[in-house]
Amino acid sequence: MPNDPLAIPSAATERAAQLRVELARHNHAYYVLDNPTIPDADYDKLFRELQAIEQDYPALVSSDSPTQRVGGAPLPQFEQVRHSVPMLSINNGFRDEDIVNFDRRVREGLKTEAGVEYHCELKFDGLAINLRYENGLLVNAATRGDGATGENVTANIRTVRAIPLRLQGDKPPAIIDIRGEVLMFKADFASLNARQRDAGQREFANPRNAAAGSLRQLDPRITAKRSLRFFAYGIGVLEGAALPASHSALLDWYMQMGIPVAAERRIADGAEGLLAFYRDIGLRRAQLPYEIDGVVYKVNAVAQQAQLGFVSRAPRFALAHKFPAEEAMTIVQDIGLQVGRTGAMTPVARLAPVLVGGVTVTNATLHNEDEVRRKDIQIGDTVIVRRAGDVIPEVVSFVPELRPADARPFVMPALCPVCASPIVRPEEEAVARCSGGWVKCPAQRKGGLLHFVSRRAMDIEGLGDQLVDQMVERNVVTTAADLYRLGLGSLATMERMADKSAANVLKAIEKSKSTTLARFIYALGIRHVGESTAKELARHFGSMDALQKADEAQLLDVADVGPVVARSILQFMADPMNVELIEQLRANGVHWEEGASGARPKPLAGLTFVLTGTLPTLSRDDAAEQIEMAGGKVAGSVSKKTSYVVAGSDAGSKLAKAETLGVPVIDEAALLGMLPPSNESES
Ligand code: 5U1
């Protein structure tokens, strides 16, 4: 195709412009209004159409085209950027009286007895960022750094779809610095970690680390693959436009310009109003799709903000009201080793018991040998321990001033503490492993069995840690296939196992025989094959025989499978003991429906469901699995795009939102009625 701009047909120019406007409108609906207007597949189609036009006529490509978000070549390092207006920090309060005192200081500063109008918003657990737009075009993005100088992360920020490359509106300011937080939503964090796990790469400890790690990447193509979000809450330089008179009006203006602002914000009066917001958000914190570590109160009127001024590096007009700390200090009494199901050696700090966010913690993961060294954690150290949500507690850092003279560094032993097989660490891997395999190492046998019976694998209820420990110790069970040969006699001899419980365990084992191919593949515990890869493999091959016979090229055809995963599957399938295990499991009655998933009826294809409340018979996971197997999608939040909300008892805000948006609400019985009959035997 000709490159000469004169040779570009006007139809192509017009269509490209039209597509850019349309794509920007859909992005705005999705990220700013939280109200998607078209399915992802339709968005992708428009996007590909624009890409094709730009490929044919490269002169049509503009820097604000959505196609330019893929990320350019890696940078050698980040440049330093001096902030024109420093990025200040914010003072923190923790107790109710800190908030009462803040309100009193504000009224004293403003010399008023009257109630002050505040703007209440969220304190996002992400990474502060400054976005500079010149005449509406994004020209620079920088991290906060030390407040005066940050790092230039423009190339990475350009890949973040939530951040517009061009502001909406006819009269953008000549220069505006929009400030806010880059963060990762909880659901995106969970999928990223699932992908990291499947690829044998290190998982991120929490969404904040994942957001920071994704943004501070020298290779923007990696950032482009991570789902980052942005919420604005402040301003730096402004030229060529009048500053709105209040903070709430500033955020409204941002939304008009296409900049995302979190919906959870409110005007409040006096300390009582602030505390009511804090309590309300505290109750709903777990349901928010992103993590926050508190709320923020700001004097709303800009004139009053200016009147109040600053103390050192924080403004007097704002206060962050933090939720109780989920970090605490304690002493490392020892560093032990936990042997995983694949033999991975995880150093674990044995701690003097400490309360973290209301839970007593005695063990915290140190992840791997390199991490212990990098953080320089030694036995005897005083350390900071962190608990975030459901994540295993971790040691964040040690306190150098409190290191005792007799502190001892951790040394990885030469032999496995459980089976005495040599510990090996291939050069290219971060993890040291016991070389005994499950045949020699009881810890690996236990880990493998616990994985096999886990909820997302074969889902055998009642086979917990202690029972599996005993069965392995007493050699009652060696492989997963042995579970299906257990009788009441051998089970009832286990400690703390009444006849009734033993019968229940046998019933659960019997029930697990009817499973799905995806669950079975996942349950085998093949290294690097997590739940999502197992689902892809099942969908692609449709039968266990086809998977067992697949060569490298066929495996690489599967979405999610790269060379490391393919090699791991080939190694697993080439081991005669694994072949025997699969045969025995099938001989003992484990079965699933075979045939390529494409052959199964997909009555829910194209439909998106949201589950809320407690359903009468199905767990949320079971309901989601059945919907997915019937071709439907399950989303976490209700939007106009939602086809049905499935509501059980105690349904909350999702049900209310469905009613507001006019989304049909159905019960479990109606959902079951929409599923093909074959799914019922697979639950
Ligand atoms: N929502 C919000 N978060 N946050 C963080 N507003 C806000 N403002 C901040 C910070 C550090 O600082 C300004 C008050 C300077």
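Counting starts at 1 for both ligands and their atoms, following the listed order. Atoms considered below: every heavy atom in the structure, side chains included; atoms not considered: hydrogens, waters and symmetry mates.
Distances below 4.0 Å separate heavy atoms of A318 from the following atoms of ligand 1: 14 (C). Heavy-atom contacts of V296 reach the following atoms of ligand 1: 1 (N), 2 (C), 3 (N), 6 (N) (cutoff under 4.0 Å).
In this structure, atom 9 (C) of ligand 1 lies nearest to the protein heavy atom Y233 CE1, 3.8 Å. Among all protein heavy atoms, the one lying closest to atom 6 (N) of ligand 1 is K298 NZ, 2.8 Å. Atom 11 (C) of ligand 1 has as its closest protein heavy atom I90 CG2, 3.8 Å.
Between T614 and D650, the side chains place no donor N or O within less than 3.5 Å of an acceptor N or O (distance only, hydrogens not considered). For the residue pair E181/Y233, the side-chain donor-acceptor check at 3.5 Å is satisfied.
One finds no salt bridge joining E291 and R285 here, because no Lys/Arg side-chain nitrogen approaches an Asp/Glu carboxylate oxygen to under 4.0 Å.
Looking at F317 next to ligand 1, no N or O pair under 3.5 Å apart turns up. Inclusion of E121 in the set of residues having an N or O under 3.5 Å from an N or O of ligand 1 is warranted.
For atom 14 (C) of ligand 1, a protein non-hydrogen atom is found at a distance below 4.0 Å.
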Derivation of the side-chain contact (heavy atoms from CB on, under 4.5 Å) call for S639 and D34: CA-CA 8 Å; S639 72; D34 190 21; 5.9 Å; no

Steps toward side-chain hydrogen bond (donor to acceptor under 3.5 Å, both in side chains) verdict (E394, H367): CA-CA 8 Å; E394 65 161 354; H367 298 292; 3.1 Å; yes

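Contacts with ligand 1 closer than 4.0 Å are made by no heavy atom of A128, backbone or side chain. Neither the backbone nor the side chain of M87 comes within contact range of ligand 1; no heavy atom lies under 4.0 Å.
Evaluated for a side-chain hydrogen bond (donor to acceptor under 3.5 Å, both in side chains) with E151, the options Q77, R144, R216 yield exactly one hit, R216.
Atom OH of Y644 has 12 or fewer heavy atoms from other residues, nucleotides or ligands within 6.0 Å.
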